[in-house]
Amino acid sequence: MGRLKLQAGINAIEEEPEEFDAACPSKTTLSCMINSEIGAVLAVMRRNVRWGGRYMSGDDQLEHSLIQSLKTLRRQIFSWQHQWHAINPVLYLQPFLDVIRSGETGEPSTIVALSSVYKILTLDVIDQNTINVEDAMHLVVDAVTSCRFEVTDPASEEVVLMKILQVLLACMKSKASIMLSNQHVCTLVNTCFRIVHQAGSKGELLQQIARYTMHELVRCIFSHLQDVANTEHALVNGNSTLKQENLFLVQIGGLNNEYAFGNKQLENGSMNSEYDNHSLPTATNNVTVVTANAMDDNTAIASIGKETVPYDMHLMTAPYGVPCMVEIFHFLCSLLNVVEHMDMGARSNTVAFDEDVPLFALNLINAAIELGGPSIRRHPRLLSLVQDELFRNLMQFGLSTSPLILSMVCSIALNLYHHLCTELKLQLEAFFSCVILRLAQSRYGASYQQQEVAMEALVDFCRQKTFMVDMYANFDCDITCSNVFEDLANLLSKSAFPVNCPLSSMHILALDGLIAVIQGMAERIGNGSVSSGRSPVNLEEYTPFWMVKCENYSDPNQWVPFVRRRKYIKRRLMIGADHFNRDPKKGLEFLQGTHLLPDKLDPQSVACFFRYTAGLDKNLVGDFLGNHDEFCVQVLHKFAGTFDFQDMNLDTALRLFLETFRLPGESQKIQRVLEAFSERYYEQSPHILANKDAALLLSYSLIMLNTDQHNVQVKKKMTEEDFIRNNRHINGGNDLPREFLTELYHSICKNEIRTTPEQGAGFPEMTPSRWIDLMHKSKKTAPFIVSDSRAYLDHDMFAIMSGPTIAAISVVFDHAEHEEVYQTCMDGFLAVAKISACHHLEDVLDDLVVSLCKFTTLLNPSSVEEPVLAFGDDTKARMATVTVFTIANRYGDYIRTGWRNILDCILRLHKLGLLPARVASDAADESELSAETGPGKPITNSLSSAHMPSIGTPRRSSGLMGRFSQLLSLETEEPRSQPTEQQLAAHQRTLQTIQKCHIDSIFTESKFLQAESLLQLARALIWAAGFPQKGNSTPEDEDTAVFCLELLIAITLNNRDRIGILWQGVYEHISNIVQSIVMPCALVEKAVFGLLKICQRLLPYKESIADELLRSLQLVLKLDARVADAYCEQITQEVSRLVKANSSHIRSQLGWRTITSLLSFTARHLEASEPGFDALLFIMSDGSHLLPANYVLCVDAARQFAESRIGQAERSVRALDLMAGSVNCLVQWTSEAKEAMEEEELSKLSQDIGEMWLRLVQGLRKVCLDHREEVRNHALLSLQRCLTGADGIYLPLSVWLQCFDLVIFTVLDDLLEIAQGQSQKDYRNMEGTLIFAVKLLSKVYLQLLQDLSQLTTFCKLWLGVLSRMEKYMKVKVRGKRSEKLQELVPELLKNILLVMKTRGILVQRSALGGDSLWELTWLHVNNIAPSLQSEVFPEQDSIRLQHKQGEPIGGLEPDEMRSVTTNDTASREDSGVVG
């Protein structure tokens, strides 16, 4: 029949409404539609003979009521005046519903009627605003769920059932569904489940549609949960007086032990009978879901808590909400219980039971949780079902051997974590410990399929961004919980390790999980709250560690320090446990020392240490607790007091108690332990037991029964009757209830109490007693901390998992063969690097770099003929190389020892010629580009290779193009062969890889590196360069050393602001090179000129270390003679440039000493002397760069140039001019000081200037003895200039006396000695020099005469002058006396005498001969020129003559006096013309 044909595919159920929704039908259109449905039903009914004729009733012929009602509706529908929503839907639905409910109709009629109702429901005519909609919806549900029809054809019967499902789903999806009551929704689900149940014996299509409908119904119902208000108040209290028949209880009926969905025939009566036999029973007063038939004892459903909490009847008739959802959810959980009670539990780990039932139930539960979501927590009964019954079943089915069931269990767990993690803290811990961690490892007997599903589930959890943070904060940082995060992280890293086997999908899966966790951490870095300066946790005083609380678990400022403190305590407790296991006394002492136990031990603290510390040796704990010592007994009772035995069976409580330690073997110890247990148990659960003695006796009895039943040596086992008989009259003289004892007996027989619990943490199986304990603990446990997307605890977490993670990723990368896996590993490496850098975990980053560098293949000894091509063909190596340098560029701040490995890679690339030719120089030039323009510009280019020819071994061609040209001519002796396309492609890939690495950025951007990292990079460069060997290094070693030195110089130049960090290492390295190498080579060349370049660049910016920089240049003076000779000219040029550019920045004497030492050194070198003198000229010309700090040094350097016989004498003369001209600076400084300084400062400076001047004239004195006449004479003239030009300088007479002794007299004596010596052939024209010298003496003496005459030692000085003149008068040059000197000396002496006379210095004081000056003067003068006395003192002659003749003594006539004055003036003028 066309009308009844079922639409293809399950989705057809939903497709029809969309068709009608597309066009909103008008009132007439709807009337026509319903009219056509009436016609279709009537047409099908008329086919049957029963409906074709008329019924006889008395005298009248009447139609059957079903046909009559349809015809009546037909007459009315076109006459209704109101809009459809104002028309009672019962009017147009009732005739169809009567057909459906009638047992007389056949399948075709029922099918068409159901289709008609479905069509009306999907027209959206009926909604919540329609009149009387509530009754109409109830009528539809009641009619469809009690549908009756005659079964004539099995295929048609299936169509009817499908149509029923269709209508049921349409009811729930209708807009009016919210008007359905709780009771009707339950009936609806009940009916659907019955059809699912029956479909097991029908066709596959009906089975699938029935299951799909059930699934959709659950989705529709639970999607409504978020709109439902909290219904806590709706629960009836336990003392309700409602009668049992009015309760709404969830039951499953019609199920027996043969029940299974897909393959067992349901025994439910004959299918050939009328459908009356199949009707879904309903109750008028008491409503039941699914069926009225109760299950047998084996399949009874565990109710919520101890008994089902009833709902009031009016709630069941109210619009549907939480009550029906609770009943449906409870029913779904009970489906899982069915399997358990049928002994088909998951723990049996067999495939003996059909997975269909639990899988179906789990699917529905998952749908309910997906749609109910977080709303479940608002409804305590639903939440209670999830927390206890559902999770208990998940724990059991989690160990199923069926991958389908396990997968669904894990999906539910993930949804529960997502929506309800805050309510399921301990349940989640148990799930991971007892399911995931057990199944994901083969050592617990799990199959590969189980391992894979468990690992997939774990990876799904890891992909939740905050999952691992939640695990760490709530479990690892809780002393009462296991270290779930640590265990999961270890599991992932171990599972990613391929041990003696090829890489499998499991390894990749575990790697995905690890990387998901790591990338979650990396993403959180950008969200703030990354504390770099984390304060360490310290316990300064004892506080009970089990009572540490957090005031606000939602405020990160409070819970973050709290969990870190708690983790610290937990770690300390673990260390304490380790100490305790070795020596209990020392273990407790250790904990006292760390303030986890009080200084004076108390029973409570020790008891809590035993109770809450994992990893304790349970034998030692048992021995301690069983000890008769009074303190140990107190600890035992406090220990028992930490247990919660509220409402717990005795055997369950005893199991939990004895799990925590090993029961001692001695009877007295056992008694003490059981006494403490019994006292605590009776205190909390006194319901049946009369007193604590009863608890003690019964506990003893249970221990004995346990030994009897489970000890293989006991042959005759205790029976139930024996056990009951043994326990008579123990309850205060009365018997305990028989049922109570029977339950205990069977519990012990089935499940042994382990008196020797397993040692160590492990991942235990979840037992019923442990579950009960877990539910007790969950009421008291600390709240679940919800972490946000900020990195509060990532530092601590990453520190735990970083090592295993790097190792795991490395091993997978090593074994991998596919590029996708390579990329996954690289992403992981980069994430690890980012986290390490962010949290300042330098060691981790170094380990990562070391690991990665191994994969670049660049560190391996080159065994292949063409390493460049091999590298190009090795995707893994290229990816690793790019990643290494990406890390170096991004996170270089936190690399320490890893720089060595990175440099090894760079050096290998350098040796292969794969680096850009100017990596190092580019790095240095980058700073040149940013240098100041102007005077500095020519200097920046001064050290380019253009004028620094390498004297060492020429380097082989390097750079990318050089390498490529080598490739083009692989063998020079062979005829040139063109490279293949593969070779070209490999080479191209290599070049692209190197470009991606941006190796030069490491050095050009080094100025942004943190100080410690920069220092380590420099040390790595020095280490990589190696220690220079004398004469036995290979060209390759030298090339490496040169390259490293270039890079070192580059980063030094790039970090001028932080030169203080680098300088010591750089200087020592260059010093080693300079002092170790004895022959010119590229390395020493690079060292020397690199040092000069550093000084050139940094002096303008770093005056604070200018002295150190300049002192370093003394290394140049330590060069081996051969090396120095080779580079002397270039060195001098650089020093010259240095001075010209930076003279204003060189302020200290120390710095200038170095510069002048270098310049002085060049005075003796032919090629270098010119630029050296040029630099000195720059400093001393016009005194522009002369300072008190460098004056003496520059004068000394100029003297050395003046004395140098290399080059023309003209340069020596210029050097003398520089020296002579410098006296002007002294005059100027004196003048400036007088204006600006205090008297005390001025005195000090004057003294210093006097010393400088003395050093100047002493320097000139030395040059006065030069072999070359021109230089010698010019030196004397220069000396005279300095001596006579010192008027502006304050020079004490003591200095002048020194000057006469050390300079003037000395030079005259030395010249005299030379003139009279045997080496006159070396000194040409000494006569002229002596003339200059004696004139100098006369000139200076006369200039200073007035001041010198005041000295007490004047006589001595004057005699010194006379004695020199006397010697010069008598000197023999080349064997004969000098006529010129014999003429000049008396004349000069006469002038001096006249001046002395005029100034009253030389006068005869006494006629009695007591005047020594007068006598001594004439004594010497007469030796020189006897006539002088009479010439100078003619009056003395006349006096003597008059004396002889008796004439009176008289004075000189005015004319004669005028004559003396004139002569004196003339003499002085004459002596002034000496120069």
For this session: Apply side chain to side chain donor-acceptor pair (under 3.5 Å) to the pair E389 and N337, showing each step before the final yes or no.
Result: CA-CA 9 Å; E389 192 169 355; N337 286 341; 2.8 Å; yes

Check whether any side-chain heavy atom of [X] sits under 4.5 Å from a side-chain heavy atom of [Y], and report yes or no.
| X | Y | result |
| --- | --- | --- |
| T401 | Q450 | yes |
| I365 | V218 | no |
| F391 | W771 | yes |
| T130 | N88 | no |
| Q166 | M162 | no |

For this session: Name the orientation class of the two ring planes belonging to F193 and F360 (parallel below 30°, tilted from 30 to 60°, perpendicular beyond 60°).
Result: parallel

Which distance, rounded to the nearest 0.5 Å, do you find between the [atom1] of [X] and the [atom2] of [Y]?
| X | Y | atom1 | atom2 | value |
| --- | --- | --- | --- | --- |
| I120 | S115 | CD1 | OG | 11.0 Å |
| R438 | I436 | CZ | CD1 | 12.5 Å |
| L488 | M468 | CG | CE | 5.0 Å |

Taking only Lys NZ, Arg NE, NH1 and NH2, and the carboxylate oxygens of Asp or Glu, determine whether [X] and [Y] approach each other closer than 4.0 Å.
| X | Y | value |
| --- | --- | --- |
| D460 | R463 | yes |
| D788 | K465 | no |
| E158 | K202 | no |

For this session: Quick one: list whatever passes ring-ring contact (aromatic ring centres under 6.0 Å, His included) with H776, sequence neighbours left out.
Result: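 Not a single residue meets the ring-ring contact (aromatic ring centres under 6.0 Å, His included) criterion with H776.
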
Exercise. Stepwise, does the side-chain contact (heavy atoms from CB on, under 4.5 Å) test hold for R211 with M214?
Worked result: CA-CA 5 Å; R211 292 180 182 218; M214 185 78 178; 5.6 Å; no

Exercise. Can you find a side-chain donor-acceptor pair between S181 and H184 that sits under 3.5 Å?
Worked result: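 Yes.
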
Exercise. Is it true that the side chains of Q427 and D388 contain a donor and an acceptor less than 3.5 Å apart?
Worked result: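 Side-chain D/A pair, Q427 to D388: absent.
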
For this session: Apply the test ring-ring contact (aromatic ring centres under 6.0 Å, His included) to residues F432 and F461: give CA-CA distance (whole Å), side-chain angles for both, the deciding distance (0.1 Å), then the verdict.
Result: CA-CA 11 Å; F432 287 111; F461 274 102; 4.9 Å; yes

Exercise. Which of these passes side-chain contact (heavy atoms from CB on, under 4.5 Å) with I328: L188, V185, L217?
Worked result: V185

Using residues 410-421 as the side-chain source, report each donor-acceptor pair under 3.5 Å to any protein atom, sequence neighbours left out, with the distance given to one decimal.
| from | atom 1 | to | atom 2 | distance (Å) |
| --- | --- | --- | --- | --- |
| S411 | OG | S407 | O | 3.1 |
| N415 | ND2 | N366 | OD1 | 2.7 |
| N415 | ND2 | S411 | O | 3.4 |
| Y417 | OH | D470 | OD2 | 2.7 |

For this session: For the pair F467 and M471, evaluate side-chain contact (heavy atoms from CB on, under 4.5 Å) and give the outcome as yes or no after the intermediate values.
Result: CA-CA 6 Å; F467 167 71; M471 296 300 102; 3.6 Å; yes

